[in-house]
Number of protein chains: 2
Amino acid sequence: MKPRAVEKKKACTIADIAREAGVSKSTVSRALNDNPLIGDGTKQKINAIAKKRHFQINMPARRLTLKQSNTIAFVTHSMYKQFSVCDLFTMEILGGITSGLKEQGYDLLMLFVDPCDADWPAQHLAAGRADGFILMTSTRKQAHIKMLVEMDAPFIAWGIPHPKYSYCTVIGDDLTGGKLAAGHLAGLGRKRIAFLGGPSEEKEVSLRFEGYSTALQEAGLIVDPLRVVHGDYSDKSGAEKMRSLLDRAPDLDAVFVNSDLMAIGAMQVLREIGKRVPEDVAVVGYDNLSITEKVTPTLTTVSQNIPLVGKLLAQNLLQYIRTRAVTHTTVPVELVVRQSA
Amino acid sequence: MKPRAVEKKKACTIADIAREAGVSKSTVSRALNDNPLIGDGTKQKINAIAKKRHFQINMPARRLTLKQSNTIAFVTHSMYKQFSVCDLFTMEILGGITSGLKEQGYDLLMLFVDPCDADWPAQHLAAGRADGFILMTSTRKQAHIKMLVEMDAPFIAWGIPHPKYSYCTVIGDDLTGGKLAAGHLAGLGRKRIAFLGGPSEEKEVSLRFEGYSTALQEAGLIVDPLRVVHGDYSDKSGAEKMRSLLDRAPDLDAVFVNSDLMAIGAMQVLREIGKRVPEDVAVVGYDNLSITEKVTPTLTTVSQNIPLVGKLLAQNLLQYIRTRAVTHTTVPVELVVRQSA
DNA sequence: GATTCCACTGCAACCGGTTGCAGTGCGACT
DNA sequence: AGTCGCACTGCAACCGGTTGCAGTGGAATC
């Protein structure tokens with residue numbers, strides 16, 4: 001434990017600058033914040049000194065007086081007991097969020113919460129660590145939302161809004177997504193198109209199913225309940241449900257899967273039992289994760305423009321914090337055609 | 001812009017608690033921090049009131065007086081111009097870091113820096129937003145390290161330490177990794193094992209190559225320079241370099257690839273030209289990203305135990321901040337055998 | 001020449017904690 | 001009884017900004 005190499009050149013404060021410029025702290029503070037009360041000459045002089053001295057404002061001090069942290073917490077949950085590995089979807093969205101926040105001078109805090117913990121909102125909001133939350137957690141999401149609404153905490157969530165609560169949301173256009181996917185498969189001449197959905201209780205899934213049904217009807221096809229199953233978005237569940245789908249409707253020639261991960265699991269099963277993709281069974285996924293370009297065959301999928309989602313989550317949350325305007329944004333989807341369909 | 005629904009029940013401060021308990025602010029502060037000066041009775045009374053009032057300490061205030069933020073910044077760079085998509089390796093490490101930090105009561109800040117920006121360390125350290133950095137950026141890493149060392153900023157970096165500077169590092173056991181991978185391939189009876197490395201100037205890559213050479217020699221095989229090429233870790237470069245490898249050594253029957261992403265690119269090329277994996281060419285990757293279980297064939301790879309890496313990065317950095325003890329940790333690697341080899 | 005106004009600037013309080021030092025009360029020891 | 005020490009507790013300053021309000025000087029107006 002050796003002593004500090006360079007005893008730190010004590011941080012330069014506005015008081016130091018004030019002394020050097022021969023003005024008061026208030027003037028320096030105002031000048032640095034470009035307050036119109038301050039004369040141009042003074043401003044320039046102060047800015048020059050600040051630059052020369054490499055002045056860095058002290059964030060905790062500013063946050064203390066301003067009573068806002070200029071920080072947003074990204075909340076998600078640990079995926080595994082011990083170490084948490086974030087899923088791909090969550091990860092890809094992060095880049096978009098930071099880009100949106102940075103433009104407005106906000107910091108991004110990572111927050112991995114225990115799904116059963118009810119204390120994290122207070123620990124961050126009341127404690128002044130964060131001004132708002134971006135909710136990506138799916139486990140027990142409703143419980144968390146209820147809690148946040150009740151304590152009047154600023155937050156925005158990914159997913160279809162709960163009818164009983166009022167809060168900001170960003171969602172994908174699931175109806176159109178389902179229609180695009182199934183329509184594309186029908187357009188390829190497929191006649192027995194299956195639906196491998198996410199959890200049946202999710203509104204998103206119903207909408208995708210509705211889009212799927214519409215597209216089939218428009219193509220003159222019927223929706224056969226035997227060709228409809230539901231999983232939980234994971235690749236494991238994709239494999240499992242694909243098997244039960246093949247049991248129930250062995251003659252299917254296409255499948256619209258509600259997540260890329262499930263689609264990958266499904267394709268593995270198809271390959272195992274000797275069906276070729278896309279020749280025997282065409283597959284369309286959902287999300288357009290970067291992994292879809294790296295699997296074989298590359299996966300045709302519905303793209304949600306995830307970076308845009310992230311950016312909107314950031315921007316709309318900040319807007320809500322400032323104006324309390326509740327927004328619901330639907331981001332457009334598009335079909336990305338690759339090899340699998 | 002409607003008025004606040006519930007006009008916020010103004011945050012409870014230690015002054016409020018002091019009033020209610022009939023003691024002074026100092027006593028409350030000490031009691032809450034479990035300072036031995038305070039009597040047990042008083043402590044209990046104060047803790048009870050704090051709980052009842054849902055007291056949350058004000059972080060900015062504490063950070064201001066303590067002059068430390070209890071926050072670590074995770075610094076990486078944007079991968080694309082406009083929106084940044086984090087690469088998988090970076091992302092998987094994040095979970096481990098947060099787990100390590102949380103145990104010690106630290107927050108994790110995400111920091112995406114422009115590789116050419118030289119101002120971010122000051123903007124965060126001097127400004128009191130973060131107490132230290134975890135460096136994962138690879139672009140212009142050396143420049144950033146130099147900068148941080150010169151300003152005596154606490155940080156830890158993933159990768160082999162620069163010989164001229166002294167700072168904390170965590171690295172994988174690349175020598176063993178290379179030996180394990182090549183040894184496994186040799187053990188399968190492969191005779192013409194190629195090496196598809198990362199950037200040739202990286203020390204990590206040299207070590208993996210050394211391990212590879214050692215393993216080949218131990219197996220009685222020769223290292224043929226024609227079977228050695230270098231890429232940049234991306235899947236695109238994996239595909240490209242695989243092609244040049246096949247040009248130069250069309251008879252290869254196995255390849256040790258320095259990253260999973262490159263391995264995936266390489267496998268696509270192999271498939272395109274009609275070579276089967278693993279029958280014709282066995283492939284071993286590096287990193288054990290979660291994606292390796294989802295590709296076909298699943299990828300045999302060298303696992304760096306990424307969650308552990310993250311945890312060590314966090315713990316060793318905090319230790320450095322507290323004691324200025326410079327640590328260099330090598331995390332063990334292991335071979336994960338799957339279908340591709 | 002006196003008054004008014006305006007454009008700036010400074011004073012001092014405040015945000016909510018932490019901490020050095022100076023009490024305070026009480027039992028113990030001489 | 002007097003003194004000392006010990007175990008607590010309180011006072012007040014401080015961290016580094018922001019801001020309401022009062023003050024200053026000079027030009028413009030009457």
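This one's a predicted model, so the numbers in the text were calculated from it and none came from an experiment. Below, chains carry the letters A, B, ... as their sequence lines are ordered, and counting in each starts from 1.
- Remark: P of C:dC8 and CG of A:Asn33 are 17 Å apart, rounded to the nearest angstrom.
- For B:Leu37, counting side-chain heavy atoms from C-beta on, the closest listed nucleotide (C:dG16, D:dT9, C:dT18) is D:dT9.
- Position along DNA chain D of the nearest nucleotide to B:Val23 versus A:Gln56 favours B:Val23 as the more 5'-ward residue.
- Per the geometry, CZ belonging to B:Arg30 stands 16 Å off C1' belonging to C:dG16, to the nearest Å.
- Each of B:Trp120, B:Phe155, B:Tyr167, B:Phe74 was compared with B:Phe133 under the ring pair (Phe, Tyr, Trp, His ring centres under 6.0 Å) criterion, and only B:Trp120 meets it.
- Looking at heavy atoms from C-beta onward, B:Tyr320 lies in side-chain contact with B:Val326 at the 4.5 angstrom threshold.
- Taking CD of A:Gln56 as the start and CZ of B:Arg129 as the end, the distance is 8.0 Å to the nearest 0.5 Å.
- As a whole-Å value, the separation of A:Leu64 CG from C:dC14 P is 14 Å.
- Using a 4.0 Å heavy-atom distance criterion, A:Arg63 is classed as making no nucleic acid contact.
- Side-chain nitrogen and oxygen atoms of A:Ser29 include at least one within less than 4.0 Å of the OP1 or OP2 phosphate oxygen of D:dT18.
- The CD1 atom of A:Ile93 sits 4.0 Å away from the CE atom of A:Met136 when rounded to the nearest 0.5 Å.
- Taking the side chain of A:Thr65 as heavy atoms from C-beta on, and the options D:dT18, C:dC21, C:dT18, the nearest nucleotide is D:dT18.
- Residue side chain A:Arg62 does not reach the base of C:dG16 through any donor-acceptor N/O pair under 3.5 Å, judged by distance alone.
- Straight-line distance from the CD1 atom of A:Ile14 to the C1' atom of D:dT18: 8 Å, rounded to whole Å.
- For D:dT9, the OP1/OP2 oxygens have a side-chain nitrogen or oxygen of B:Thr42 closer than 4.0 Å.
- Residue B:Gly41 is classed as having no contact, given no heavy-atom separation below 4.0 Å to the nucleic acid.
- Listed pair B:Ser26 / C:dT18 fails the phosphate criterion, with no side-chain N or O lying under 4.0 Å from OP1 or OP2.
- In this structure, B:Asp34 places its CG atom 16 Å from C1' of C:dT18, rounding to the nearest Å.
- Nucleotide C:dT18 holds its C1' atom 13 Å from the CG atom of B:Asn58, rounded to whole Å.
- Proximity of A:Lys67 to the phosphate of C:dC14: no side-chain N or O atom is located under 4.0 Å from OP1 or OP2.
- Partner of B:Ile156 under the side-chain contact (heavy atoms from CB on, under 4.5 Å) criterion, out of B:Leu317, B:Thr169, B:Leu312: B:Leu317 alone.
- Distance, B:Leu66 CG to C:dG16 P: 17 Å, rounded to whole Å.
- Protein atom CG of A:Asn35 is 13 Å distant from nucleotide atom P of C:dA7, rounded to whole Å.
- Residue-level contact check: A:Lys25 touches the bases, meaning some heavy atom is under 4.0 Å from a base atom.
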